[in-house]
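Note sheet for the following structure.
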Amino acid sequence: MALMAALTAPTEQPTAAQTQSAAVFALIDDNEWCPGGSVYLDLRSGAFMLYPRLARPACGDRTAQAAVEHGTLGLTELQRLRSTYAEARRAGLRRERCDVIISNRGPQAVVITAAGFSASTPEEEGCWSTEANSLYRALFEVFGKPRQPRK
């Protein structure tokens, strides 16, 4: 009985302090032809490190590399991502019933962390919660633009 209670316990609501001291890592990709990128975002400070996706046709050149970008998000974007993080953390990143999704996109993943906490999206995209998808889309809108290779 204790095990069942633990398995069905509601997800803990993150506090403002937990949300602001959290971080997100994501693989960002929406193209079967080009390698994806990745981003690490510190939700406390807004500092990020982005390994961007390369624009086509440059991504076909195995010697082409995108410059790693470092920066800090503005307050509006940061607050939006903090909010979507909090919703994803509250709801969880996995849904109970999975859908079958056939996609030509590359690999996608989201990992959320905070002090004493971490969670990641399931490998099967059809098992992602609505909130996990919302967080991914919000990250993609901010960081997903393909870049030209560095010269």
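Note: hydrogens, waters and symmetry copies are ignored here, and every other heavy atom, side chains too, is used. Only a predicted model underlies this, so the values are computations on that prediction, with no experimental measurement involved.
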Side-chain donor-acceptor contacts of residues 70-77 below 3.5 Å, not counting sequence neighbours, with atom names and distances?
none

Check your understanding: To the nearest 0.5 Å, what is the distance between CD (Glu123) and CD (Glu125)?
Key -> 11.5 Å
Review point. Partners of Leu93 by side chain to side chain contact (heavy atoms under 4.5 Å, CB included), sequence neighbours excluded?
Key: Ala88, Ile112, Ala119, Thr121, Ala132
Point to revise | Where at least one partner belongs to residues 118-147, residue pairs that pass disulfide bond (SG atoms under 2.5 Å apart), sequence neighbours excluded | key: Cys98-Cys127
Review point. Can you tell me how far the CD1 atom of Ile28 sits from the OH atom of Tyr136, to the nearest 0.5 Å?
Key: 7.0 Å
**Study point:** Leu135 CG to Glu87 CD distance, which is reported to the nearest 0.5 Å
**Key:** 11.0 Å
**Study point:** Listed once per pair and sorted, the salt bridge (Lys or Arg N to Asp or Glu O under 4.0 Å) pairs that draw on residues 64-74, sequence neighbours left out
**Key:** Glu69-Arg147
Practice item. Kindly give the heavy-atom pair with the smallest separation between Arg53 and Gly37, and that separation in Å. Key: CG-N, 3.3 Å
Exercise for review: Verify, without hydrogens or angle tests, whether Arg95 (side chain) and Trp128 (backbone) share a donor-acceptor contact under 3.5 angstrom.
Suggested key: yes
Point to revise | Residue list, side chain to side chain donor-acceptor pair (under 3.5 Å) with Ser134, at least two apart or on another chain | key: Arg137
Check your understanding: In the single-linkage hydrophobic clustering (I, L, V, M, F, W, Y; side-chain heavy atoms under 4.5 Å), do Phe140 and Leu78 co-cluster?
Key -> yes
**Study point:** Test log, rule side-chain contact (heavy atoms from CB on, under 4.5 Å), inputs Leu139 and Val24
**Key:** CA-CA 9 Å; Leu139 288 162; Val24 176; 3.5 Å; yes
Point to revise | Contacts of Phe143 that satisfy ring pair (Phe, Tyr, Trp, His ring centres under 6.0 Å) - sequence neighbours left out | key: Phe48
Point to revise | Nearest heavy atoms of Val111 and Ser120, plus distance in Å | key: CG2-CB, 3.9 Å
Review point. Within the distance-only criterion (no hydrogens, no angle test), does the side chain of Arg82 pair as donor or acceptor with the backbone N or O of Leu43 below 3.5 angstrom?
Key: yes
Practice item. Look up atom CG in Leu41 and atom CE in Met49, then write down how far apart they are to the nearest 0.5 Å. Key: 11.5 Å
Study note, to complete from the structure: Looking only at heavy atoms, the pair that brings Ala67 and Pro52 closest together is O-CD, 3.4 Å
Point to revise | Intermediate values then yes/no, side-chain contact (heavy atoms from CB on, under 4.5 Å), Phe117 and Arg89 | key: CA-CA 10 Å; Phe117 171 82; Arg89 179 163 176 190; 3.6 Å; yes
Review point. By side chain to side chain donor-acceptor pair (under 3.5 Å), which residues pair with Glu141, not counting sequence neighbours?
Key: Arg80
Check your understanding: Sequence neighbours excluded, which residues qualify as side chain to side chain donor-acceptor pair (under 3.5 Å) partners of Thr63?
Key -> Asp61
Review point. Can you name the nearest heavy-atom pair linking Tyr85 to Thr113, along with the distance?
Key: OH-O, 3.1 Å
